[in-house]
Number of protein chains: 2
Amino acid sequence: MKNLSDRQQRILDFIRAYLDENGYPPSFREIGGNVGLKSPSSVDHQLKRLREMGYLQYEEGHFRSITLTDQEREVLPPQGMVPLVGNVAAGAPILAEEHVEEYIPFDAGPHPEDYFALRVRGESMLGAGILPDDLVIVRRQPEAYNGEIVVALFEDEATVKTLSRKNGEVWLLPENPDYEPIDGRACRILGKVVGLVRRY
Amino acid sequence: MKNLSDRQQRILDFIRAYLDENGYPPSFREIGGNVGLKSPSSVDHQLKRLREMGYLQYEEGHFRSITLTDQEREVLPPQGMVPLVGNVAAGAPILAEEHVEEYIPFDAGPHPEDYFALRVRGESMLGAGILPDDLVIVRRQPEAYNGEIVVALFEDEATVKTLSRKNGEVWLLPENPDYEPIDGRACRILGKVVGLVRRY
DNA sequence: GGAAAAGTCAAACATATGTTCTAAAAAAGT
DNA sequence: ACTTTTTTAGAACATATGTTTGACTTTTCC
């Protein structure tokens, strides 16, 4: 998708806000007044452009007939939803193939795009109350503090473990005596586990 | 609410359908043409009436500014949300005072009114991966099968336990050797635990 | 630097659209 | 039957709104 100019972006934003507030579309002059265009013909020009690019529609000769294209009107990531993108090992690492299976209801705050969910495989985190088939909600971040539960990439495979930082060493600890710690220097942290959803 | 005339009902229906299809409101003449009114003033008359009765709104001097009143377009219970109504013991029973603290995102299916959430107190269900401060999602039902996790009312206080039915006996089993089973005959089952949400 | 393209403005314009007014028709109440 | 209220129509009206045109400015490109 081509880049939008600053003004075009403001026009789209304004139309969306206006629709949201009033329930019907703004007039050309209302748009102009709010994005700094003093002539309706200038607005017309920009709207024609936006229409060509598929961002919106409006019928000639109809007043206040602007509608945003689905792509634009849609609440991009459904509110309070987090995408479930695959599996993550809590025992032997399993390949984390990334494709959205479904959306999990979870309040992800003001930046939902930083969140995703993974289904847990294996029993290495039993001691932390994380069971097989649980869904862990993860916030993308490259680092974490000692003691936090993280999702880490280890040789192309994802695992959930407790992060341990001590004496300059980094370890990924399972919460189950049957499993062995993993050397943290060999892996990259994908994010921190901020939530868990279980469905019986 | 006063009864609507046949024509008024048709006008409301038409506006709703038009909004649904076009994303913006119809003009007076479009309304008239579709409900059998030949003069815009007739439409104006009926719309004024409908506005007085609170069915819709529109601004004077604005074209195509009709909006249906909330009552007409509202979605009643917040979608995918379950009310958090209090605490439930997983150790010593705690009084389950019922007042809605907040709404927890959870896909409760077609009958969300049968679901509620409780915050877990105590550690009696550690073995089942249910930790203190976890939120259990409960579906109201008076009975449950052997092995299911239930919320039960025991002397005016709620607890989460695993239901055991054997040899005609009914027990509520903790999933922690430090706690004692409860006699199931002395309590009433509030519902079955169908989900769990944890926030770190 | 000059040409081409894109963006903007101002003014005049055409018309879609709500408004007003008066009157006729229909319905309701007496 | 008569009055009153409600509903509708038609025409003229005022204006909000999209459209067109031409010129001017800014940006982009070679």
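Below, chain A is the first sequence line, B the second, and so on; all start at residue 1.
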Where do N or O atoms of nucleotides 25-28 of chain D meet protein N or O atoms at under 3.5 Å, pair by pair?
none

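- Positionally, the nearest nucleotide of DNA chain D for B:Ser42 lies more toward the 5' end than for the other of A:Pro26 and B:Ser42.
- In this structure, the NE2 atom of B:His45 is 10 Å from the C1' atom of D:dT5, given to the nearest Å.
- Under the salt bridge (Lys or Arg N to Asp or Glu O under 4.0 Å) criterion, the residue pairs touching residues 187-197 of chain A are A:Glu148-A:Lys192, with sequence neighbours excluded.
- In terms of the side chain to side chain contact (heavy atoms under 4.5 Å, CB included) criterion, residue partners of A:Leu126 (sequence neighbours excluded) are, by chain and number, A:Glu123, A:Leu131, A:Pro132, A:Asn176.
- In this structure, B:Tyr115 has no ring pair (Phe, Tyr, Trp, His ring centres under 6.0 Å) partners at least two apart in sequence or on a different chain.
- Rounded to whole Å, atom P of C:dA26 lies 15 Å from atom CG of B:Leu37.
- Using bins of under 30°, 30° to 60° and over 60° for the plane-to-plane angle, the ring pair A:Phe63/B:Phe63 lands in the parallel bin.
- Within the 3.5 Å criterion, the main-chain N or O of A:Asn34 finds a donor-acceptor partner in the side chain of A:Arg10.
- Considering every non-hydrogen atom in both A:Leu173 and A:Pro181, the closest pair reads CD2-CB, 3.8 Å.
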Which pairs, protein N/O on one side and nucleotides 11-17 of chain C N/O on the other, fall under 3.5 Å?
{"from": "C:dT17", "atom 1": "OP1", "to": "B:Arg64", "atom 2": "NE", "distance (Å)": "2.7"}
{"from": "C:dT17", "atom 1": "OP1", "to": "B:Arg64", "atom 2": "NH2", "distance (Å)": "2.6"}

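- With rounding to whole Å, B:Asp44 atom CG is found 19 Å from D:dC13 atom P.
- Taking the side-chain hydrogen bond (donor to acceptor under 3.5 Å, both in side chains) definition, one finds that A:Ser65 meets it with nothing, sequence neighbours left out.
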